Structure formats: structure tokens, C-alpha cells
Number of protein chains: 2
Amino acid sequence: MARAATTSDAFNAVAEPRRREILEYLAQGERPVGELVARLGMEQPSVSKHLKVLHKVGLVRVRRHGRQMLYQANPDGIRPLYEWTQTFERLWAHQLLRVKERAEHKAREHN
Amino acid sequence: MARAATTSDAFNAVAEPRRREILEYLAQGERPVGELVARLGMEQPSVSKHLKVLHKVGLVRVRRHGRQMLYQANPDGIRPLYEWTQTFERLWAHQLLRVKERAEHKAREHN
DNA sequence: TTAATATATTCCCATATAGGAATATGTCAA
DNA sequence: TTGACATATTCCTATATGGGAATATATTAA
């Protein structure tokens with residue numbers, strides 16, 4: 001088997017750095033393709049292809065406005081990623097705790 | 001150009017569902033490869049290969065214990081993902097607000 | 001209509017997969 | 001040493017990719 005398609009889910013879609021840039025930019029609100037091209041310094045066909053992937057996995061919504069296509073981020077699509085990373089929140093807490101304990105230990109040492 | 005290597009960063013490494021499963025399992029603590037094989041129902045070479053990718057991007061740590069290799073999740077490696085998703089937190093807040101407003105509106109209607 | 005603008009699609013290709021099968025390496029026990 | 005156990009590596013192959021270049025489609029304006 002080969003690698004799963006970029007369009008198979010949000011995790012795969014977002015693995016591409018350019019697509020993350022696009023999503024970050026679209027977090028500001030609805031924007032036409034041309035603005036992404038201008039601001040992110042990518043080729044127009046490249047932007048369109050990335051948007052197609054993002055759309056397929058539900059990470060962006062589109063709407064036509066005259067000749068322009070207005071894209072916006074669909075934050076709901078990001079939630080699965082957010083929630084998955086939270087699996088490890090507990091472990092971060094432990095680390096912070098350890099740091100805190102070490103700091104307190106040091107503080108006692110110096111008294 | 002082709003797709004970026006799975007070993008290029010945490011985003012790419014974690015795009016593979018099997019690797020996420022492995023990380024989730026290792027969130028419990030340090031575990032030998034054999035236990036992953038048994039519990040996750042994957043082939044041993046497959047698990048070893050996935051672990052290699054995870055190790056290369058710093059998502060797991062290893063330690064030898066006799067014949068066994070004990071792997072543990074390195075939660076720090078996940079933080080970049082967590083932090084990136086937080087870019088969109090603000091947008092979720094808006095949505096919750098909208099839900100709340102709708103609920104309150106309905107409540108007023110029924111008075 | 002025709003031209004101009006905005007975006008999407010197609011074609012080409014070097015590249016890195018993930019899994020299966022087989023085998024290699026490393027470590028302990030007898 | 002030899003064998004058994006635990007894990008890693010290699011070889012194979014179908015497959016999807018991302019970028020570049022060229023072109024197609026859709027919409028508005030003249």
C-alpha cells in the first residue's frame with residue numbers, strides 16, 4: 001500500500017505546510033483566491049489545487065462572488081486535530097508539575 | 001516535487017493513522033515493541049518501521065532493556081500540533097457564542 | 001460577440017511512501 | 001557455542017503526490 005491520500009482526512013490534508021499557511025490566512029475571514037496568491041507568494045494553480053484538497057476534507061467552504069471564489073476556513077474541520085492532541089494534555093501537565101517541583105526543590109536547597 | 005517525507009515533521013508523521021494509534025497507546029507509559037504488536041494487531045516489522053518514523057521526528061523516546069526496546073511517547077513533540085490548532089480557537093469561541101445567543105433568543109421567545 | 005479577468009484542470013514526472021515477505025542484528029539462556 | 005527470543009532492516013511494488021507549464025472554464029465588461 002502507498003501513503004493515504006491527502007484528501008483522506010484533515011490530518012493528511014494539513015500535513016502539507018502550504019495548506020496550513022492557506023488555512024492560517026483564511027482564519028482572518030473570507031478571501032478570494034487571488035489574494036491568497038498575492039499574499040502567500042504561491043502560483044495560482046498551486047493555490048487552487050491546495051484549496052481543492054482542503055475543500056474535499058471540509059476544512060474550507062466556498063462561495064462564488066462574480067468571477068471570484070471566496071474561500072473561508074471551516075474551523076470545525078480542525079477540531080478533530082485539536083481533540084487528538086488533547087490526548088496528551090495530561091502528560092504536559094505532569095511535565096509542568098515536574099518543572100515546578102524541581103524549581104521548588106532548588107529553592108529549598110538555597111535556603 | 002513529491003509529497004514531503006513522513007519524517008520531515010510531526011504533522012507528516014502523525015498523518016498516518018497507525019502511527020497515531022501507536023502514540024495513543026504509548027501515552028499510557030513506556031512499552032516494549034512486542035506489546036504494541038500484540039495490542040494493536042499490526043505486524044512486527046510494520047510497528048518497527050512506524051516507530052522509526054516517530055523517533056526520527058522526536059515523537060517517541062527509546063531505551064533498551066535486555067532484548068526489549070522500551071518506547072515512550074514524547075508529548076513535547078505533539079505540542080506544535082496542539083499550538084497550531086489553537087490558531088482557530090477564536091473561531092470556535094465565536095461558534096459557541098452563536099449557539100449561546102440562539103439559545104437565549106429561543107428562551108426569550110418562549111416567555 | 002469578443003476581450004479581459006479570475007479560477008480550475010490537465011499533463012508530466014521524480015519521489016517517498018506502507019505493507020508483505022524474507023532476513024539480519026542483537027541479546028539472553030543453557 | 002548454540003538456540004531462542006525481540007526487534008530492526010532490506011527488498012519489492014503500486015500508488016498518490018506537488019510543482020511547473022500549458023490550457024480550459026466561467027464570468028463580467030465593452
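A, B, ... follow the sequence lines: proteins, then strands. Residue 1 opens every chain. Because the structure is predicted, anything quoted here is derived from the model rather than measured.
Here the side chain of B:Arg19 pairs a donor or acceptor atom with the backbone of B:Ala13 at under 3.5 angstrom. Between the side chain of B:Asn74 and the main chain of B:Arg61, no donor-acceptor pair closer than 3.5 Å is present.
With the end axes of the helix from C:dT1-D:dA30 to C:dA30-D:dT1 each set by five pairs, the angle from one to the other reads 10° at 10° resolution.
What separates CZ of B:Arg31 from P of D:dT7 is a distance of 13 Å, to the nearest Å. For the pair B:Leu54 CG and C:dA18 P, the interatomic distance rounds to 10 Å; values are reported in whole Å. If you measure from atom CG of A:Leu70 to atom C1' of C:dA8, you get 15 Å, rounded to the nearest angstrom. Rounded to whole Å, atom P of D:dC5 lies 19 Å from atom CD of B:Glu35. Nucleotide C:dT27 holds its P atom 13 Å from the CD atom of B:Gln68, rounded to whole Å. In this structure, A:Leu36 atom CG and C:dA8 atom P are separated by 10 Å, rounded to whole Å. B:Asp9 places its CG atom 12 Å from the P atom of C:dT17, with the value rounded to the nearest Å.
Remark: A:Arg79 CZ to B:Glu89 CD distance equals 9.5 Å, nearest 0.5 Å. Here the straight-line distance linking atom OH of A:Tyr71 with atom CZ of A:Arg31 works out to 15.5 Å at 0.5 Å rounding. Note that CG of B:Leu40 is 6.5 Å distant from CD1 of B:Ile22, once rounded to the nearest 0.5 Å.
Residues A:Val14 and B:Trp84 are in side-chain contact: their nearest non-hydrogen atoms beyond the backbone lie under 4.5 Å apart. A:Asn12 has its side chain within reach of B:Arg3: a pair of non-hydrogen atoms, C-beta onward, lies under 4.5 Å apart. With a 4.5 Å cut-off on side-chain heavy atoms, A:Thr6 and A:Glu16 do not count as touching.
With B:Tyr25 as the aromatic partner, B:Arg39 does not meet the cation-pi criteria of under 6.0 angstrom to the ring centre and within 45 degrees of the ring axis.
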Footprint string (nucleotides 18-28 of chain D, 5' to 3'): B base within contact, S backbone only, - free, heavy atoms under 4.0 Å: BBBBB---SBB
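Under 4.0 angstrom from either OP1 or OP2 of C:dA8 there lies at least one side-chain N or O belonging to A:Tyr71. Close to D:dA8, at under 4.0 Å from its OP1 or OP2, lies no side-chain N or O of B:Lys52.
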